[in-house]
2 protein chains.
Amino acid sequence: MSTIQYLTQIEFGAGVLRLLPEALQALDVRRPLMIGDRGLLAAGLVDRICATLPAGMKLQRYLDTPANPTEAAVEAAAALYRDGDCDGIVAIGGGSPIDLAKGVALMATHPGPLSRYTGMAAMPLIGAQTAPIVAVPTTAGTGSEVGRGALLCLRDGRKLVVVSPYLLPRRAICDPELTLSLPPALTAGTGMDALTHCVETFLSPRFNPPADAIALDGAARAWRWIERAVAHPGDIQARTEMMIAGIHGGLAFQKGLGAVHALAHPLGALTEPLLHHGTVNAVLLPAVLRFNAAHVGDKFARLAATFGLPAAVDLPAAVSALCDRIGMPPSLRAMGVPADACDAVVAGALADHSLPTNPRPLDASALRTLFHEAMG
Amino acid sequence: MSTIQYLTQIEFGAGVLRLLPEALQALDVRRPLMIGDRGLLAAGLVDRICATLPAGMKLQRYLDTPANPTEAAVEAAAALYRDGDCDGIVAIGGGSPIDLAKGVALMATHPGPLSRYTGMAAMPLIGAQTAPIVAVPTTAGTGSEVGRGALLCLRDGRKLVVVSPYLLPRRAICDPELTLSLPPALTAGTGMDALTHCVETFLSPRFNPPADAIALDGAARAWRWIERAVAHPGDIQARTEMMIAGIHGGLAFQKGLGAVHALAHPLGALTEPLLHHGTVNAVLLPAVLRFNAAHVGDKFARLAATFGLPAAVDLPAAVSALCDRIGMPPSLRAMGVPADACDAVVAGALADHSLPTNPRPLDASALRTLFHEAMG
């Protein structure tokens with residue numbers, strides 16, 4: 001158990017959930033809005049987390065977070081925040097409730113509409129009045145618990161980023177025990193989200209040595225432990241290592257992601273089918289790695305070394321094989337993505353904030369080729 | 001040139017000094033107090049930095065920073081801050097002016113005396129009214145430009161830490177060009193400070209995986225580039241790598257340092273001789289590494305691997321040999337430390353905040369042995 005402070009103050013370790021009341025007290029939050037989803041409720045995690053709070057604490061709950069959080073959900077939860085005279089947010093879950101919480105922290109304290117605040121250029125519009133968030137991740141992958149950004153689906157169909165230092169959770173309560181009940185498919189999909197964050201960040205051509213160091217370490221942990229976490233859900237060491245990998249992705253991706261995320265964001269905006277972000281990343285990653293291979297200097301060899309693979313390994317093929325072993329779907333088609341989504345996905349990717357930090361520049365034609373390759 | 005935001009927003013790269021006016025404007029600092037020292041003035045760096053500021057900017061200067069900053073200097077500079085109606089601080093130099101600036105940022109905005117605020121337990125007394133600091137490092141080693149703490153010599157003779165997130169410089173302008181004129185002995189001594197921060201942090205038994213990742217990367221850079229920077233002062237690549245190593249030390253040492261720093265702090269409080277902190281660290285490091293060797297698991301082998309040395313290398317001997325090659329003094333005795341300083345140094349080390357995070361516990365007898373070993 002340790003206190004770590006990089007961007008967010010992180011409490012880490014099996015059992016740290018019990019520090020939630022102290023975290024709220026330190027932030028002077030007395031009437032929190034709890035944001036989660038129905039899956040967490042069904043798994044008993046909402047009750048388990050509520051049980052740590054002081055008896056009689058005035059608490060609102062919003063548990064209708066969609067798989068990819070929407071503007072409508074932000075507005076509904078922000079209304080609950082205002083009506084309940086809330087003074088802070090407890091975000092529990094994977095990336096969706098935590099990202100939703102960031103939208104709510106913003107919209108409960110700033111004039112609308114949400115679309116005003118999207119994109120990196122809008123950052124100065126987001127101020128210190130943003131509601132404080134305590135994040136309690138129940139998956140290991142998103143990194144949203146230590147990240148400044150949220151991906152939200154606007155009414156007009158776009159999935160866009162909202163980003164500001166004020167959206168950073170003030171505390172992250174990272175308790176690997178909360179991930180023990182995560183089923184294998186979600187363990188694999190969220191774990192591949194962590195791996196993808198670390199790999200794309202490391203490959204991004206921007207200059208950010210601490211992010212590179214953290215990303216390379218996180219990638220190594222995810223690579224070495226994801227199969228164990230999937231095969232042995234109750235292995236607390238594997239869960240701990242995967243939770244570190246998720247945090248490292250979130251600490252590092254300020255450096256910039258790449259084409260996997262540029263494509264995954266508009267795919268996540270589809271309403272039919274609803275796609276799991278980390279699983280989409282896993283399916284896209286091999287194709288994007290192949291596309292970037294000649295544009296990353298010696299970084300594939302450095303990744304291979306940290307994964308314990310030979311320097312000359314075919315890294316995209318090794319990632320594909322890992323995805324097979326942990327039960328990831330073989331293609332976007334197998335996930336139900338229709339071929340006619342291509343135009344919207346390519347248009348979204350071209351406008352995405354993650355595209356400029358891909359190591360190899362992409363135009364619409366290159367994105368189209370990647371989409372078709374990932375369709376299988 | 002890149003913007004990096006971990007604890008502090010860092011502007012990094014050759015030529016980023018020109019971003020200083022923007023940084024002050026972003027923080028709404030219009031009447032800064034500049035804190036530096038006579039060496040910087042003589043080297044022309046004070047004038048060079050002032051030349052980047054808008055003509056007519058109201059500017060106070062405090063250039064009498066002692067080699068190890070004192071309570072008296074804090075008070076003198078804080079009086080200048082108040083008398084000049086200053087609204088922020090530009091700290092230029094190595095660790096001494098930057099640490100002094102932290103003391104001034106505190107004492108210009110909080111009731112005295114300084115001794116109220118020393119130690120980790122006093123952190124809650126330091127509030128958001130602390131004056132904003134922009135740090136412009138001119139050495140590569142201290143890490144104070146991205147650290148929350150300052151080491152200050154009190155009137156009673158103790159050298160103690162003052163620490164708070166509010167003491168973090170709001171911006172660090174890290175321009176390797178400013179280190180090109182640093183002479184070899186200071187390049188070596190400050191560089192060994194960076195290496196020691198990274199090595200002690202990595203060896204500390206606390207749990208902080210991102211700090212470990214950053215520290216290991218920083219140690220590798222310092223190890224690989226310090227000789228080049230000492231031998232070829234004008235090599236901008238070596239200066240850049242050393243500046244990254246210094247930053248990485250400062251980002252990582254929140255995890256906790258060890259016996260080198262526990263001993264170096266009271267040594268830095270001696271008034272006769274006045275000792276250079278980084279050089280003292282270099283002299284102490286081999287003895288402390290030998291003392292810790294059996295208490296660090298596989299970490300010596302991991303350091304050796306990242307240094308490009310055989311896993312079975314005698315790491316303390318390799319560090320000694322490096323120190324010889326870059327002209328570090330062979331012993332504390334050679335630096336003029338008198339043998340009768342032992343009692344005061346051991347007493348200071350026993351009370352030091354860095355001692356509890358040394359991998360092997362130390363009592364007075366162990367500290368005495370280390371002191372004598374380092375005396376040579």
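Atoms considered below: every heavy atom in the structure, side chains included; atoms not considered: hydrogens, waters and symmetry mates. Below, chain A is the first sequence line, B the second, and so on; all start at residue 1.
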Item checked: A:F307 CZ: over 12 foreign heavy atoms closer than 6.0 Å ->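 Check passes, neighbour count above 12.
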
Check: Is the number of heavy atoms from other residues, nucleotides or ligands under 6.0 Å of A:R360 CZ greater than 12?
Finding: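 Enclosed.
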
Checklist line | Inter-chain contacts: residues 129-144 of chain B against chain A, heavy atoms under 4.5 Å | finding: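 Residues qualifying by a heavy atom under 4.5 Å from chain A are absent, so none.
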
Check: In Å and rounded to the nearest 0.5 Å, what is the CG to CD1 distance from A:L251 to B:I214?
Finding: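 It is 8.0 Å, given to the nearest 0.5 Å.
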
Note to self: A:A245: which residues meet the side-chain contact (heavy atoms from CB on, under 4.5 Å) condition with it, sequence neighbours left out?
What the structure shows: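 Applying side-chain contact (heavy atoms from CB on, under 4.5 Å) to A:A245 gives A:A194, A:R221, A:A222.
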
Notebook entry, point to check: What option among A:L216, A:I244, A:D217 has the most heavy-atom pairs under 4.5 Å with chain B?
Noted result: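 Max contact count across the listed options: A:I244.
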
